[in-house]
Amino acid sequence: MTDTTIPNAHDGENRPSDFIRDIVADDVKTGKHQQIVTRFPPEPNGYLHIGHAKSICLNFGIAREFNGVCHLRMDDTNPTKEDVEYVESITADVKWLIAGWADHCLGLKRHGHAPDASTVNGKPDYYQPSVVGAAAGPLEPFYASDYFDQIYACAVRLIEKGKAYVCDLSPDDTDEYRRNAKESPFRGRSVAENLDLFTRMKAGEFPDGTRTLRAKIDMASPNIWMRDPLIYRIRHADHHHTGGKWCIYPMYDFAHCLSDYIEGITHSICTLEFEVHRPLYDWILESLELPRALPHQYEFAKLIPSHMIVSKRKLIQLVNEKVVGGWDDPRLPTISGIRRRGVPAAALRRFAIGVGVTKFISLTDIAVYEHVVRDELNAIALRRLAVLDPIKIVLTNIPADQVIEVEATDNPQDENPTTRKVPFGREIYIDRDDFAEVPPPKYFRLKPGGEVRLKYACIIKCDEIVKDAAGNLVEIRCTADLDTRAGGANAAKKVKGTIHWVSATHALSTEVRLYDRLFTAAEPDADGDFTKHLNPNSLVVVQAKLEPALAQATPEQRFQFERLGYFALDAADSKPGKLVFNRTITLKDAWAKETQKK
RNA sequence: UGCCCGAUAGUGUAAUGGUAGCACAACAGAUUCUGACUCUGUUUGUCUAGGUUCGAGUCCUAGUCGGGCAGCCA
């Protein structure tokens with residue numbers, strides 16, 4: 001029972017430790033809670049992005065390490081901004097990210113189940129239980145909007161306690177009064193009058209903006225959020241989840257703490273900007289004199305990755321202005337985009353966990369992200385041969401009708417690697433970069449008169465280059481030393497360079513999308529105009545030549561096109577017989593770095 | 001301006017009063033049928049000033065710098 005041993009996080013990480021986990025561990029040790037319950041509460045008004053991934057991994061990670069539960073909850077209290085499209089994408093993205101890692105901690109609720117009402121110690125109580133794992137009947141995420149009845153009842157109770165009042169001040173005046181710590185003239189209304197007015201607000205008697213319900217706290221507080229904050233506003237608008245039932249909606253501060261309480265959340269973890277709201281969070285829950293244990297809010301610094309834009313407003317701008325193809329464009333740091341790009345969930349998790357949890361606002365170098373993506377892919381990607389910018393080579397000593405099958409390793413990182421057969425013959429393609437008519441110093445690929453090894457095949461020697469009338473290189477003629485094949489008499493012969501190739505007669509001609517960073521600046525929005533720093537080469541589409549085995553690629557498979565990078569099938573645009581591959585990320589390239597030095 | 005929060009190599013993050021570690025990046029080298037991976041080595045750090053203490057990155061005070069909040073958004 002007092003066993004606080006934390007299982008090692010998977011994904012190659014040691015057990016993470018941070019100030020929030022320390023608090024949770026302490027609460028477990030002192031027996032403060034029977035079970036740890038966290039929550040991930042996105043507002044369904046946009047797609048989830050890499051920053052949310054950190055929050056998801058934190059909340060689900062804690063649930064997972066402490067045998068707890070993490071609720072997925074739509075924080076949907078503003079009907080004018082939210083939409084079911086986002087509910088669906090958010091749910092899918094969360095499930096993808098935690099699959100195989102924290103599925104067993106995902107807390108959902110029975111479809112349509114309303115909070116249980118009861119009386120505990122003479123006090124009214126509401127509780128919405130979660131269901132984890134395989135359950136009878138369909139499950140769905142939690143919705144703050146499912147608690148509108150209960151939240152309304154809490155507002156009424158606050159009025160009855162003399163701790164809330166209906167205010168008729170205009171929006172401008174409300175702001176003005178709060179900034180100047182001046183009490184509203186409606187602050188002294190009687191309980192009866194407040195009750196009557198609030199009932200009529202609910203009934204739809206008043207237009208938007210004419211009245212609000214405000215908590216009566218302390219207009220002299222140095223903390224603005226304690227200066228009689230608004231807890232309900234009038235909004236005659238249909239809600240994506242509750243339809244036309246309501247015309248008043250609770251504000252975040254009122255709805256969030258109550259949603260946490262109703263769901264039995266123990267640790268309510270949010271980002272730093274809510275720190276100043278914490279006294280209000282506590283005030284509401286304490287003022288209501290609720291019978292069960294209260295949740296507590298803890299704040300951490302959100303993830304800010306370099307070379308990316310994660311602001312919802314700016315992401316929407318990129319989508320709406322068609323700078324990218326949609327919310328799931330592989331260049332976007334949305335979880336949908338990252339998935340489509342070919343990044344494994346495990347890599348995103350490793351990054352999201354690896355950046356750590358602190359209260360220090362920092363800029364995380366995208367290189368850290370790129371490193372875990374490469375590292376994860378290196379372990380699982382099937383090696384394949386592909387040529388992105390083909391130039392033809394004729395091996396003059398191999399007959400035109402001869403097909404030689406060579407054996408290629410699927411992944412040398414495996415302990416017992418599997419192999420496949422790759423066809424090889426007289427005409428092949430190599431990448432244009434792998435030949436230099438006038439080679440720079442330390443160039444050890446193919447050059448006139450030089451030798452190079454064709455990966456998995458044999459060493460070839462460049463005899464002659466063929467140009468067209470305009471002087472463009474059209475063909476390279478070489479001789480192949482078949483004795484240098486694996487198992488051959490000269491197999492051990494060393495040459496400095498090894499390059500990739502595909503058989504011209506067997507190659508698949510396929511669209512490959514070469515993605516690169518969307519922004520060239522580390523902080524694209526530092527000067528207020530992130531569009532200025534868009535990378536014009538963030539997407540380059542090529543018609544590539546691929547080895548035939550790639551015809552059987554599936555959307556889940558990850559590939560390393562040898563010496564080039566990691567690639568995955570584009571699940572959205574690939575059709576049978578017409579495949580599309582996305583480059584997830586290039587391999588590290590010491591040669592490119594070397595040539596840039598000059 | 002008020003209130004709140006923060007500050008450890010280039011970047012991020014450990015050290016919970018007792019040897020300042022780790023990862024990424026960078027650089028040099030080894031290895032290599034991927035200029036990848038792997039391996040070895042190198043450079044670089046406790047914001048400042050006082051104080052408490054045998055001992056301070058850690059505790060206290062002041063300052064400096066950075067950030068958040070001041071929506072009928074979340």
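Lettering of chains follows the sequences in order, A, B, ..., and the numbering in each one begins at 1.
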Practice task
Starting at atom CD1 of A:Ile366, determine the distance to atom C1' of B:G12, rounded to an integer number of angstrom.
Solution key: 14 Å
Problem - Value in whole Å for how far the P atom of B:U13 lies from CG of A:Leu363 - result: 11 Å
Handout entry: Separation of atom NZ in A:Lys493 from atom P in B:U32, rounded to whole Å
Key = 17 Å
Exercise for the section: Mind checking A:Pro41 for me? I need base, sugar-phosphate or nothing, with any heavy atom below 4.0 Å counting as a touch. Expected result: nothing
Problem - Nucleotide nearest A:Asn378 (side chain, heavy atoms from C-beta), chosen from B:C37, B:C73, B:C5 - result: B:C37
Problem - B:C72 and B:A56, which share atom name C1', separated by this distance in whole Å - result: 50 Å
Problem - A:Asp410 and its salt bridge (charged side-chain N to carboxylate O under 4.0 Å, His left out) partner, picked from A:Lys421, A:Arg420, A:Arg558 - result: A:Arg420
Practice task
Answer with base, sugar-phosphate or nothing: what part of the nucleic acid does A:Tyr249 contact at a heavy-atom distance below 4.0 Å?
Solution key: nothing
Exercise for the section: Write down the distance separating the C1' atoms in B:U38 and B:A74, rounded off to the nearest Å. Expected result: 47 Å
Problem - A:His371, nearest nucleotide to its side chain (from B:U32, B:C5, B:A25) - result: B:A25
Handout entry: P-based separation of B:G55 from B:C69 [nearest Å]
Key = 43 Å
Practice task
Check every strand shown and say whether A:Tyr443 touches a base, only sugar-phosphate, or nothing at a heavy-atom separation below 4.0 Å.
Solution key: base
Practice task
Quick one: label A:Asp253 by what it contacts on the DNA or RNA (base, sugar-phosphate, nothing), any heavy atom closer than 4.0 Å.
Solution key: nothing
Handout entry: Distance between C1' atoms of B:G66 and B:G50 (Å, rounded)
Key = 23 Å
Fill in the blank from the handout: Taken to the nearest whole Å, CG/A:Asp589 to P/B:A26 is 12 Å
Problem - Inter-residue atom distance A:Glu562.CD - A:Ile499.CD1, 0.5 Å rounding - result: 12.5 Å
Exercise for the section: Find out whether the Lys NZ or Arg CZ of A:Lys447 is both under 6.0 angstrom from the six-membered ring centre of A:Phe435 and within 45° of the ring's axis. Expected result: no
Handout entry: Candidate pair A:Asp253 and A:His277, rule side chain to side chain donor-acceptor pair (under 3.5 Å), full reasoning
Key = CA-CA 7 Å; A:Asp253 286 298; A:His277 294 238; 2.7 Å; yes
Exercise for the section: Round to the nearest Å and state the distance from A:Ile20 atom CD1 to B:U13 atom P. Expected result: 13 Å
Exercise for the section: Could you tell me whether A:Ile361 contacts a base, only the sugar-phosphate backbone, or nothing, with contacts defined as non-hydrogen atoms closer than 4.0 Å? Expected result: sugar-phosphate
Practice task
Answer yes or no for this row: A:Trp591 ring on B:G35 base, centroids under 5.5 Å, planes under 30°.
Solution key: yes
Problem - Given RNA chain B, 5'-ward residue of the pair A:Asp208 and A:Ala367, judged by closest heavy atom - result: A:Ala367
Handout entry: Closest-nucleotide 5' rank along RNA chain B - winner of A:Ser362 and A:Arg227
Key = A:Arg227
Practice task
For A:Tyr252, answer base if it contacts any base atom (sugar-phosphate contacts may also be present), sugar-phosphate if it contacts only those atoms, and nothing otherwise; contact means non-hydrogen atoms under 4.0 Å.
Solution key: base
Problem - Atom NZ of A:Lys359 with >12 non-hydrogen neighbours under 6.0 angstrom - result: yes
Exercise for the section: Under 4.0 Å between any heavy atoms, over every strand shown, what does A:Val276 touch: base, sugar-phosphate, or nothing? Just pick one. Expected result: base
Handout entry: Pairwise C1' distance for B:U31 and B:G10, with rounding to whole Å
Key = 29 Å
Practice task
For B:G68, measure the glycosidic angle (O4'-C1'-N9-C4 for a purine, O4'-C1'-N1-C2 for a pyrimidine) and name it syn if it falls within 90° of 0, otherwise anti.
Solution key: anti
Handout entry: P gap between B:U1 and B:U42, integer Å
Key = 48 Å
Handout entry: Length of the NZ-C1' vector between A:Lys455 and B:U34, whole Å
Key = 5 Å
Handout entry: Worked check of side chain to side chain donor-acceptor pair (under 3.5 Å) between A:Arg453 and A:Thr484
Key = CA-CA 9 Å; A:Arg453 178 175 282 279; A:Thr484 58; 4.6 Å; no
Problem - A:Tyr232-A:Phe198 aromatic ring centre distance below 6.0 Å - result: yes
Exercise for the section: Just call it for A:Thr77: base, sugar-phosphate, or nothing, with non-hydrogen atoms closer than 4.0 Å on any strand. Expected result: sugar-phosphate
Practice task
May I ask you to say what A:Thr210 touches in the nucleic acid, namely base, sugar-phosphate or nothing, with a heavy-atom cut-off under 4.0 Å?
Solution key: nothing
Exercise for the section: Would you mind classifying the nucleic acid contact of A:Gln560 as base, sugar-phosphate or nothing, using non-hydrogen atoms under 4.0 angstrom? Expected result: base
Practice task
Check every atom of B:A74, B:C37, B:A7 against the side chain of A:Phe360 and return the nucleotide holding the closest atom.
Solution key: B:A7
Practice task
Measure centre to centre between the rings of A:Tyr252 and A:Phe274, then say whether the value is under 6.0 Å.
Solution key: yes
Practice task
Report which part of the nucleic acid A:His500 touches: base, sugar-phosphate, or nothing (heavy-atom distance under 4.0 Å, all strands).
Solution key: nothing
Handout entry: B:G45 versus B:A9 - spacing of their P atoms, nearest Å
Key = 9 Å
Completion exercise
In whole angstroms, the gap separating P of B:C69 from CD of A:Glu273 amounts to 6 Å
Exercise for the section: Give one of base, sugar-phosphate or nothing for A:Leu303, where a contact means two heavy atoms less than 4.0 Å apart. Expected result: nothing
Completion exercise
Exactly one of A:His52, A:Glu85, A:Lys312 clears side-chain hydrogen bond (donor to acceptor under 3.5 Å, both in side chains) with A:Tyr47, and that residue is A:Glu85
Exercise for the section: Give each stem of RNA chain B as a range with a range, requiring at least 3 consecutive Watson-Crick or G-U wobble pairs whose two distances are under 3.5 Å. Expected result: B:1-7 with B:64-70, B:10-13 with B:21-24, B:26-30 with B:38-42, B:47-51 with B:59-63
Handout entry: Nearest-Å distance once atom P is located in both B:C59 and B:A14
Key = 15 Å
Practice task
Output the distance between atom NZ (A:Lys202) and atom CG (A:Leu197), rounded to the nearest 0.5 Å.
Solution key: 15.0 Å
Practice task
Can you tell me the distance, in whole Å, between the CH2 atom of A:Trp225 and the C1' atom of B:C5?
Solution key: 17 Å
Practice task
Indicate, with a heavy-atom threshold strictly under 4.0 Å, whether A:Arg383 touches base, sugar-phosphate, or nothing.
Solution key: base
Exercise for the section: Select base, sugar-phosphate, or nothing to describe what A:Arg453 touches, counting heavy atoms under 4.0 Å on all strands. Expected result: base
